[in-house]
Amino acid sequence: MEEIVLSVPGYGSARGVVAPVAGGTVSVEIVDGSVEICGDRAGLRDLARWCLALSDERAPSGAHIHLDAGTLPLSLDSAPLMLARDPREGY
């Protein structure tokens, strides 16, 4: 089975959570009370990189990023998205 490998810079307290983007597109919508996240391959990988960066063991609980419409990888018509490390989780 072929693997998909993604890498991100490790967490640094001076720069916070950082993830490179490949320029894909993701759209977040709320449809009938359900959150739908749709994207092209590059956009979904960009989103995965953000999640991977937040999962770094050095990232503190509560670390988060705000992605607004038009901020890569979100499309211009996307709802804003906030991704966060659970603040209830210990370091």
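The two residues Arg85 and Asp56 have their closest heavy-atom pair at NH1-O, 2.8 Å. Between Leu52 and Ser55, the shortest heavy-atom contact is O-OG, 2.7 Å. Scanning both residues, Ile37 and Val28, for their nearest heavy atoms gives CG1-CG2, 4.2 Å. Taking every heavy atom of both residues into account, Pro20 and Val8 meet most closely at CD-CG1, 4.2 Å. For Leu6 against Arg49, the heavy-atom pair with the smallest separation is CD2-NH2, 3.7 Å. Looking at every heavy atom in both residues, Ala19 comes nearest to Ala53 through CB-CB, 4.4 Å.
Ser75 and Asp77 form a side-chain donor-acceptor contact under 3.5 Å, judged by distance and modelled atom types alone.
Residues Leu44 and Ile65 are members of separate hydrophobic clusters, defined by side-chain heavy-atom contacts under 4.5 angstrom among Ile, Leu, Val, Met, Phe, Trp and Tyr. Both Val35 and Trp50 belong to a single network of hydrophobic side chains, linked directly or stepwise wherever heavy atoms of I, L, V, M, F, W or Y lie under 4.5 Å apart.
The backbone N or O of Gly43 sits less than 3.5 Å from a side-chain atom of Asp40, completing a donor-acceptor pair. Counting only distance, with no hydrogens or angles, the side chain of Ser27 and the backbone of Cys38 share no donor-acceptor pair below 3.5 Å. Proximity of a side-chain donor or acceptor of Arg41 to a complementary backbone N or O of Gly24 within less than 3.5 Å is not detected.
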- Query: Could you walk me through whether Leu83 and Val17 pass the side chain to side chain contact (heavy atoms under 4.5 Å, CB included) check?
  - Reply: CA-CA 11 Å; Leu83 300 171; Val17 177; over 6 Å; no

- In sequence, state the C-alpha distance, the side-chain angles, and the governing distance for Val26 and Asp46, and then conclude on side chain to side chain contact (heavy atoms under 4.5 Å, CB included). CA-CA 9 Å; Val26 171; Asp46 289 343; 5.8 Å; no

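Rounding to the nearest 0.5 Å places CG of Leu76 at 9.5 Å from OG1 of Thr71. The distance from atom OG1 of Thr25 to atom CG of Leu72, rounded to the nearest 0.5 Å, is 7.5 Å.
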